[in-house]
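A quick write-up on the structure given underneath.
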Amino acid sequence: MKKVSIFGATGSIGSNACSIILNNSTKYRVEVLSANKNYKKLAILAKKLNSKYAIISDKRYYKLLKKELSGSKVKTFSGEDDLINLASVKTDFTIAAIVGIAGLKSAYKSIDKTKVLALANKEALVCSGNIFMKKAKKHNTQILPLDSEHNALFQIIEKNNLNLIKNIILTASGGPFWNKKINLKNVSVSDALKHPNWKMGKKISIDSATMINKVLEKIEASILFNLELSRIKIIIHPKSIVHGIVNYVDGNSVMLASQPDMKIPINYALSWPKRSQFNIENISFKKVKDLSFFDTNLKTFPSLRLFKYLNSSKLEYSRLIALNASNEVAVESFIRKKIKFLDIVKVIEKTLISFKNSNPKSISDVFEIHEEACNVSYNYINNLRS
Ligand code: NDP
């Protein structure tokens with residue numbers, strides 16, 4: 001039986017992973033399940049999946065979690081320290097699906113305790129890619145991306161020589177505002193949350209509407225596949241059927257297609273290095289009437305201009321940490337209706353330019369820069385509002 005832990009079990013990715021495991025309960029033994037606040041869902045999942053441990057990060061919900069799980073064999077924990085301790089439990093397969101930098105410490109800690117780290121939490125990698133990948137290499141841990149685009153690219157590239165790649169293409173659905181005659185100035189939170197193809201958590205849904213998600217994904221791909229940013233392209237593909245394309249030096253392009261359903265990459269990762277039977281339809285190409293691809297444009301996606309502040313041939317992490325931190329602050333502020341949709345990119349831009357290029361040497365350096373960048377962003381937002 002594969003020993004599995006899921007950090008961020010109650011979220012969109014985590015819940016999909018839990019349902020696959022539940023349908024294949026003879027194959028997996030669940031060690032750790034984590035949540036932030038949603039103690040009820042965590043308790044339900046822990047009981048259904050018979051997990052050894054359940055951890056709630058927000059200590060205010062610990063008593064409630066304990067009560068829900070009284071009479072069961074699940075051992076309960078709370079707080080960030082316990083979360084990191086439980087990331088040290090040995091597993092065969094760990095899913096990092098906490099959203100944002102909040103997931104970095106547990107994901108980083110788990111690297112030498114697991115054989116495969118299935119990474120949904122792109123923010124963790126964007127902020128610490130150099131340190132993260134070095135540790136994975138040292139301990140021979142496979143980092144397997146869950147993001148559908150990166151998972152597709154991983155599947156294509158896996159058995160090929162990276163030197164023979166000309167460039168790679170990440171597809172983007174375009175989110176809720178692409179090709180719509182809409183004034184972005186006044187879009188509401190609920191407009192921005194309405195993703196046309198994917199059901200996802202709130203933060204990534206807003207990131208998709210601004211296209212910051214693709215900015216983060218391009219950086220993620222650069223780290224995972226060791227390619228300069230200039231060799232990673234983004235194209236709009238509204239149907240979300242083709243997820244990734246690799247252009248090889250010999251004129252061949254290989255692309256991967258599947259339904260837009262996160263269970264597919266999660267199941268692939270869980271079964272890796274083999275493939276396994278999965279009850280989901282392949283694409284019926286006769287029925288697909290329109291497999292179009294389009295250029296991105298800065299008018300709908302001003303976030304793409306942020307690349308001009310990033311070195312396209314060498315990643316400089318202080319700027320990447322600042323980019324991620326300011327986005328986290330700005331998205332939260334937008335959701336709380338403190339800023340407008342188009343302010344999100346302005347907050348990021350203002351924060352980014354105040355950071356000099358440097359590379360952190362440790363995870364605590366990463367958090368130091370993160371805190372600094374959050375302060376710059378909050379100050380800017382306060383000035384915007386006064
Ligand atoms: P959700 O918001 O749906 O879930 C986030 C999970 O993280 C929940 O379990 C949540 O707990 C937990 N969490 C939130 N904040 C904290 C915190 N401060 N400390 C500890 N745990 C916390 O997010 P998604 O599942 O949509 O996304 C997760 C990650 O996967 C993101 O990095 C996203 O970019 C990436 N991703 C998601 C995709 C998707 O289809 N959803 C696709 C590709 C990548 P609680 O429920 O208690 O709040």
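Counting begins at 1 with the first residue of the sequence. For ligands, and for the atoms within them, numbers begin at 1 and follow the listed sequence.
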Taking the ring centre of each residue, are Phe294 and Trp178 less than 6.0 Å apart?
yes
List in chain and number order the residues that pass ring pair (Phe, Tyr, Trp, His ring centres under 6.0 Å) with Phe177, two or more places apart in sequence or in another chain; answer none if no residue qualifies.
Phe341
With a cut-off of under 6.0 Å to the ring centre and 45° to the axis, is Lys109 in cation-pi contact with Phe7?
no
Would you say the side chain of Met211 lies within less than 4.5 Å of the side chain of Leu304, judging by non-hydrogen atoms?
yes
Is there a side chain to side chain contact (heavy atoms under 4.5 Å, CB included) between Thr141 and Lys135? Walk through the geometry before answering.
CA-CA 8 Å; Thr141 301; Lys135 186 171 176 190; over 6 Å; no
At a 4.0 angstrom heavy-atom cut-off, what protein residues surround ligand 1?
Gly8, Ala9, Thr10, Gly11, Ser12, Ile13, Ala35, Asn36, Lys37, Asn38, Ser57, Ala97, Ile98, Val99, Ala102, Ala120, Asn121, Lys122, Glu123, Asp147, Met200, Gly201, Ile204, Met262
If only atom types and distance count, is the side chain of His237 paired as donor or acceptor with the main-chain N or O of Ser292 below 3.5 Å?
yes
